[in-house]
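To start, the structure itself, in structure tokens.
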Amino acid sequence: FTQIGRALKNHRYLECLDISVNCPGDGARDFAEAFYFNRSLKTLVLYLCRFSSEGLDVLFEALKQNDTLEDLDLSINRVKEVMESFLDYLEMNKTLLRLGLRDNFLDND
């Protein structure tokens, strides 16, 4: 994930990235950092990536600054564990059109 993040920082043409069923491990921070800079990506699929709570926190913080992402799939990740930072991201975001949260065990709280 570290190398993907570094590549995404300055990439100007890639619009869709699907890295489902991969584990970011210690590379979550480097990956998230790319979204402060990348302005081409419109679709990001992170289905079953097993981000840690800290990894999701830094991702949501970075995505707050991103104004191009339209489609985000976070199915089967630990979104429930970082609900506050996720809701902050959603509140600030003005471009997201589609959001996948399948199997995140969200409840009524």
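Side-chain atoms are counted along with the backbone in the values below, which use heavy atoms only and exclude waters and symmetry mates.
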Any chain of hydrophobic side-chain contacts (each under 4.5 Å) joining [X] to [Y]?
{"X": "Val58", "Y": "Val82", "value": "no"}
{"X": "Leu17", "Y": "Leu99", "value": "yes"}
{"X": "Leu14", "Y": "Leu96", "value": "yes"}
{"X": "Leu106", "Y": "Leu48", "value": "no"}

Of all the heavy-atom pairs spanning [X] and [Y], show the shortest one and how long it is.
{"X": "Gly55", "Y": "Ala28", "value": "CA-CB, 3.8 Å"}
{"X": "Cys16", "Y": "Leu41", "value": "N-CD1, 3.7 Å"}
{"X": "Arg50", "Y": "Arg78", "value": "O-NH1, 3.9 Å"}
{"X": "Ile19", "Y": "Cys49", "value": "O-SG, 3.2 Å"}
{"X": "Asp67", "Y": "Thr95", "value": "O-CG2, 3.1 Å"}
{"X": "Ala34", "Y": "Gly5", "value": "CB-O, 3.2 Å"}

Measure from the side-chain N and O atoms of [X] to the backbone N and O of [Y], and report whether any donor-acceptor pair falls under 3.5 Å.
{"X": "Asn77", "Y": "Val79", "answer": "no"}
{"X": "Ser40", "Y": "Glu15", "answer": "no"}
{"X": "Asp73", "Y": "Leu46", "answer": "no"}
{"X": "Asn104", "Y": "Leu74", "answer": "yes"}

If you count the non-hydrogen atoms of other residues, nucleotides and ligands that lie under 6.0 Å from [atom1] in [X], is the total more than 12?
{"X": "Lys64", "atom1": "NZ", "answer": "yes"}
{"X": "Arg12", "atom1": "CZ", "answer": "no"}
{"X": "Glu70", "atom1": "CD", "answer": "yes"}

Query - Of Val45, Thr43, Leu44, the residue whose pairing with Asp71 passes side-chain contact (heavy atoms from CB on, under 4.5 Å) - result: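 For Asp71, the side-chain contact (heavy atoms from CB on, under 4.5 Å) test succeeds with only one of Val45, Thr43, Leu44, which is Thr43.
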**Report entry** Residue from Phe35, Phe51, Phe86 passing ring pair (Phe, Tyr, Trp, His ring centres under 6.0 Å) with Phe60
**Finding:**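 With Phe60 as partner, Phe35, Phe51, Phe86 yield a single ring pair (Phe, Tyr, Trp, His ring centres under 6.0 Å), made by Phe86.
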Requested in this report: Output, in order, the C-alpha distance, side-chain angles, deciding distance and verdict of side chain to side chain contact (heavy atoms under 4.5 Å, CB included) for Asn93 and Leu63.
Outcome: CA-CA 8 Å; Asn93 184 281; Leu63 287 176; 6.0 Å; no
Rounded distance (nearest 0.5 Å) linking atom [atom1] of [X] with atom [atom2] of [Y]:
{"X": "Leu59", "Y": "Phe31", "atom1": "CG", "atom2": "CZ", "answer": "6.5 Å"}
{"X": "Glu33", "Y": "Gln65", "atom1": "CD", "atom2": "CD", "answer": "12.5 Å"}
{"X": "Leu87", "Y": "Ser85", "atom1": "CG", "atom2": "OG", "answer": "8.5 Å"}
{"X": "Arg6", "Y": "Thr2", "atom1": "CZ", "atom2": "OG1", "answer": "6.0 Å"}
{"X": "Leu90", "Y": "Met83", "atom1": "CG", "atom2": "CE", "answer": "9.0 Å"}
{"X": "Phe37", "Y": "Asn66", "atom1": "CZ", "atom2": "CG", "answer": "12.0 Å"}

